[in-house]
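When a ligand or atom number is given, it counts from 1 through the structure's own listing order. Computation of the quantities below employed the complete heavy-atom set of this structure, encompassing side-chain atoms and omitting hydrogens, waters and symmetry-equivalent molecules.
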Amino acid sequence: MAARVLGRAGRLAAVVRSSAVRLQLRLHGSAGLRFGSQASFFPPLGDAMLPSGSFNNHVALITGGGTGLGRAMTATLSQLGAQCIIASRKLDILQRTAEEISSQTGNKVHAVQCDVRDPQAVSQCVDQMEALTGLPDVIINNAAGNFVCPSERLSPNAWKTITDIVLNGTAFVTLELGKRLIQNQKGASFLAITTIYAESGSGFVVPSASAKAGVEALYKSLAAEWGRYGHRFNIIQPGPIRTKGAFSRLDPTGAFEKATIDRIPTGRLGTPAEIANLAAYVSSNYASWMSGAVIRFDGGEYVSLAGEFNELRSVTPDQWKILEAMIRNTKGS
Ligand SMILES: CCCCC/C=C\C=C\C(=O)SCCNC(=O)CCNC(=O)[C@H](O)C(C)(C)COP(=O)(O)OP(=O)(O)OC[C@H]1O[C@@H](n2cnc3c(N)ncnc32)[C@H](O)[C@@H]1OP(=O)(O)O
Ligand SMILES: NC(=O)C1=CN([C@@H]2O[C@H](COP(=O)(O)OP(=O)(O)OC[C@H]3O[C@@H](n4cnc5c(N)ncnc54)[C@H](OP(=O)(O)O)[C@@H]3O)[C@@H](O)[C@H]2O)C=CC1
């Protein structure tokens with residue numbers, strides 16, 4: 001009897017061992033995780049989410065509003081009634097975007113040239129803005145610079161260029177407007193667009209990660225300090241959303257995009273319209289109790305990257321039977 005049981009256990013152990021080897025080969029040999037078609041569960045909606053007129057009589061400044069996500073946020077705010085000012089270095093692009101959005105929404109979008117790295121240029125931009133629209137109700141710090149690069153290849157000027165745009169630029173815009181708003185006793189919503197790796201850090205984009213982390217500290221600190229002046233400060237951390245500006249500098253070959261989609265639990269990239277809806281909500285009076293918030297908006301990518309055992313998603317039900325038998329077999333050991 002005992003011999004029969006031992007014999008069966010031995011055969012089971014052998015099966016388990018050989019299957020485990022096959023499983024290990026599959027796990028380590030697999031080129032990447034496959035999520036199948038779950039993206040169909042999570043269709044992106046493109047329409048503006050808030051009621052029309054939500055931003056009537058509101059003025060919004062969007063840095064980097066001529067392209068990519070900034071452009072999408074401008075389009076949504078404008079559609080919802082805001083008078084927008086978009087500011088960045090390339091006036092021709094700003095003007096084209098401003099004309100296109102204004103003609104679609106019927107609400108004026110103003111284009112103002114400004115290099116956010118230069119505090120004097122920022123001050124002049126705010127002068128121009130005051131003359132055009134008055135001080136803003138909504139400020140979205142969206143302008144950024146970035147590229148992938150091994151840190152040992154970064155020159156001091158490369159480091160300075162990225163951190164100047166992202167951290168100093170956000171600080172210059174925020175402090176210049178904050179001071180003037182305080183002087184005029186006018187409340188406002190400030191929103192900073194950072195990224196999921198502001199929290200985790202990331203190799204190969206170290207100046208961006210460091211500067212975005214600084215922006216988050218800046219916004220959380222001011223949320224605590226300037227509530228008394230009627231100012232809210234919030235942060236959105238987007239995951240990957242295809243824009244020419246980001247993908248040309250971070251995924252020049254296109255290889256990263258496929259691997260990224262494979263590891264996003266919702267099975268797809270985000271869309272500019274989706275983040276524009278979130279930014280509009282956070283900047284609106286519907287979110288007037290929201291301050292100091294850090295909102296991760298990434299289809300689940302951050303937690304997918306973080307969890308020690310998440311790779312077990314690729315284990316099949318048959319393989320689970322074997323694994324479970326192996327684990328149960330340890331009873332009493
Ligand atoms: C696919 C994954 C998606 C996930 C995305 C997650 C996060 C995304 C975060 C983002 O921020 S995306 C936004 C990206 N958009 C932009 O970067 C738009 C604006 N960018 C630019 O204008 C330029 O790319 C730049 C370089 C940031 C600024 O331009 P400019 O002021 O004209 O600088 P220079 O060309 O003079 O360069 C300054 C300095 O930097 C060195 N450098 C430039 N490119 C590289 C590179 N690829 N590798 C290494 N070093 C570089 C350059 O040589 C200069 O240094 P020197 O020492 O030579 O003077
Ligand atoms: N797309 C994505 O997957 C993700 C994007 N993000 C963040 O979203 C935001 C928008 O990025 P995205 O739309 O993808 O990329 P874009 O490159 O399209 O946007 C960056 C904008 O910043 C402006 N800008 C750059 N340097 C300066 C400067 N010195 N002064 C003023 N404006 C400047 C650019 O305009 P100009 O060249 O005219 O100056 C451009 O409009 C950024 O903060 C980025 O970090 C975060 C995570 C993911």
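- Ligand 2 has no atom lying under 4.0 Å from any heavy atom of Leu94.
- Residue contacts with ligand 1: Asn157 is placed with a nitrogen or oxygen under 3.5 Å of a nitrogen or oxygen of the ligand (distance criterion only).
- Contact annotation: for Arg89 versus ligand 1, heavy atoms closer than 4.0 Å belong to the side chain alone.
- Between Ser155 and ligand 1, a contact under 3.5 Å exists for at least one N or O pair.
- Look at Asp127 and Arg180 and you find a salt bridge, because one of the NZ, NE, NH1 or NH2 atoms lies within 4.0 Å of a carboxylate O, short of that distance.
- Not close to ligand 2: Gly145, with no non-hydrogen atom less than 4.0 angstrom away.
- With a 4.0 Å cut-off on non-hydrogen atoms, Glu301 does not touch ligand 1 at all.
- When only interatomic distances are considered, the shortest N/O to N/O separation between Arg242 and ligand 2 does not fall below 3.5 Å.
- The proximity of Ile162 to ligand 1, defined as any non-hydrogen pair under 4.0 Å, is limited to the side chain.
- Of the listed residues (Tyr197, Trp159, Phe147), the one carrying the non-hydrogen atom nearest atom 43 (C) of ligand 1 is Phe147.
- Assignment of Cys149 to the shell around ligand 1 is supported, since a heavy atom sits closer than 4.0 Å.
- Only the side chain of Lys212 comes within 4.0 Å of ligand 2, judged by heavy-atom distances.
- By the criterion of a heavy-atom distance under 4.0 Å, the side chain of Arg249, and not its backbone, is placed next to ligand 1.
- Contacts of Asn146 with ligand 1, taken as heavy-atom pairs under 4.0 Å, involve both backbone and side chain.
- Looking at Thr67 next to ligand 2, an N or O pair under 3.5 Å apart turns up.
- For the side-chain contact (heavy atoms from CB on, under 4.5 Å) test with His231, the passing option among Leu177, Thr174, Ile182, Ile139 is Ile182; the others fail.
- Ligand 2 lies out of reach of Ile93, whose nearest heavy atom is not under 4.0 Å from it.
- Listed by atom number, the atoms of ligand 2 under 4.0 Å from Ile241 heavy atoms are 1 (N), 2 (C), 3 (O).
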